[in-house]
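Structure record follows, encoded as structure tokens.
Numbering of ligands and ligand atoms starts at 1, following listing order.
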Amino acid sequence: SSNYEYIQVSEPRPGVGQVTLNRPKALNALCTPLINELNAALTEFQSSPTVRAILLTGSQKAFAAGADIKEMAPLTFSQAYTTSFIESWSNLTTGALKKPLIAAVSGHALGGGCELALMADIIYCTSSANFGQPEIKLGTIPGAGGSQRLTRAVGKAKAMELILTGKSFSGEEAERWGVAARSFATYEELMEAALKTAETIAGYSKVAVMAAKEVVNKSQDLPLRDGVEYERRVFHSLFGSQDQKIGMKAFAEKKKAEWSDE
Ligand code: CO8
């Protein structure tokens with residue numbers, strides 16, 4: 001199962017599964033076999049009894065420099081269409097991955113690399129990280145959700161400028177504009193904070209964490225009234241979990257909650 005060529009998987013902290021993109025010669029360009037391995041590793045983490053939060057990262061130099069341009073260059077419309085090119089990227093966002101995914105971004109996160117980061121539930125990055133959607137320079141456009149997720153994150157004005165000029169933005173800007181939750185001065189601080197946050201989340205009730213992720217993500221798809229109603233339904237349903245009883249009882253008794261995951 002850990003026989004991967006383009007990624008590494010590990011469990012660096014209790015409850016934390018980590019996927020490290022590992023194609024250094026191409027700055028982690030996202031070729032189809034890499035994406036297949038990433039999907040396989042995430043599927044394994046989703047069903048793992050020990051993993052409760054997932055960290056996705058690259059190297060200090062590159063989170064991912066985009067889709068593999070050399071692989072895409074000769075594609076025809078009919079090949080792209082009939083093979084559903086890049087559709088499997090969406091496995092990450094269709095709801096199949098219910099455990100939270102944190103992206104730790106250092107170096108380049110360009111094109112498909114930026115889009116991959118935007119698929120995560122939380123982005124942490126270095127201040128000097130290099131985000132961007134440079135597809136326009138290659139005679140094409142973002143194809144893995146960049147025009148939609150970046151626009152929701154930064155608003156139409158900035159997204160339009162970024163996507164039409166192909167200009168990069170820094171990790172510091174990513175934080176300021178709300179793309180990243182936090183940015184860090186150094187790579188070491190980034191990785192430590194990302195692991196710590198993953199570990200914190202992994203320490204909570206699995207049922208509650210998955211429900212929290214689900215309802216926040218619904219806010220991206222639903223009108224406000226429907227989203228609030230959806231949240232209330234899920235909130236009500238959690239009174240059917242043991243962990244709600246355990247968590248509230250522990251509070252009253254001033255004890256640490258021991259989650260049952262029921
Ligand atoms: N695809 C394939 N190979 C790449 C990619 C890439 N995206 N990025 C870098 N590489 C390769 C280079 O070709 C080079 O290989 P080689 O040594 O064999 O020549 C190696 O990685 C190192 O790269 P550089 O020598 O260029 O390294 P620098 O430090 O000089 O530059 C940059 C780093 C600025 C990141 C530069 O490599 C670059 O501009 N890369 C391309 C960035 C880009 O345009 N990304 C967007 C790609 S298009 C896209 O993602 C569309 C998404 C659509 C949806 C998803 C579809 C799957």
Side-chain angles (χ1 to χ4, degrees), residues 4-8 19-42 56-94 96-97 101 103-120 123 125-154 159-174 179-180 187 190:
Y4 295 120
E5 186 180 353
Y6 297 113
I7 64 172
Q8 290 170 341
V19 181
T20 307
L21 306 179
N22 183 35
R23 197 188 170 204
K25 280 184 199 148
L27 301 178
N28 293 332
L30 303 162
C31 56
T32 298
L34 184 155
I35 291 296
N36 290 342
E37 290 187 2
L38 174 60
N39 278 328
L42 293 175
L56 172 62
T57 193
S59 67
Q60 181 166 1
K61 195 170 176 206
F63 178 73
D68 191 314
I69 297 169
K70 291 159 193 171
E71 179 185 338
M72 286 187 295
L75 267 190
T76 64
F77 163 76
S78 62
Q79 283 167 341
Y81 182 65
T82 58
T83 64
S84 302
F85 180 64
I86 76 156
E87 233 171 80
S88 73
W89 285 44
S90 315
N91 289 1
L92 263 163
T93 56
T94 48
L97 186 66
L101 179 68
V105 176
S106 174
H108 303 293
L110 298 173
C114 186
E115 294 171 300
L116 180 61
L118 287 164
M119 289 178 198
I123 300 178
C125 61
T126 56
S127 318
S128 61
N130 182 38
F131 290 90
Q133 300 289 163
E135 288 89 347
I136 199 77
K137 297 180 189 174
L138 300 168
T140 186
I141 65 169
S147 67
Q148 307 302 301
R149 291 196 184 89
L150 188 63
T151 305
R152 276 169 172 71
V154 304
M160 196 65 99
E161 182 191 39
L162 290 166
I163 289 166
L164 288 179
T165 64
K167 274 190 192 147
S168 292
F169 56 103
S170 69
E172 191 272 317
E173 286 170 313
V179 174
Y187 178 65
L190 162 70

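Inclusion of Leu110 in the set of residues having an N or O under 3.5 Å from an N or O of ligand 1 is not warranted. For ligand 1, one of its N or O atoms has an N or O atom of Gly112 under 3.5 Å away. Residue Lys70 places at least one N or O, backbone or side chain, under 3.5 Å from an N or O of ligand 1.
Comparing heavy-atom distances from atom 6 (C) of ligand 1 across Ala67, Gly66, Gly113 singles out Ala67 as nearest.
By the definition of a contact as any protein heavy atom under 4.0 Å away, atom 48 (S) of ligand 1 is in contact. In this structure, atom 21 (O) of ligand 1 is in close contact with the protein, since a protein heavy atom lies within 4.0 Å of it. Remark: atom 26 (O) of ligand 1 lies closer than 4.0 Å to no protein heavy atom.
Side-chain atoms of Leu21 and Leu116, non-hydrogen and from C-beta on, do get closer than 4.5 Å to each other.
Atom CD1 of Ile141 sits in a sparse spot, with 12 or fewer heavy atoms from other residues, nucleotides or ligands closer than 6.0 Å.
Below 4.0 Å from some heavy atom of Leu138 lie the following atoms of ligand 1, by number and element: 44 (O), 47 (C), 48 (S).
At a heavy-atom distance under 4.0 Å, atoms from both the backbone and the side chain of Ala65 approach ligand 1.
Atom CG of residue Leu162 and atom CD1 of residue Ile136 lie 12.5 Å apart, to the nearest 0.5 angstrom.
The residue from Val105, Leu56, Leu101 that alone fulfils the side chain to side chain contact (heavy atoms under 4.5 Å, CB included) condition with Ile123 is Val105.
Of the protein's non-hydrogen atoms, Ile69 N, 2.9 Å is the one closest to atom 1 (N) of ligand 1.
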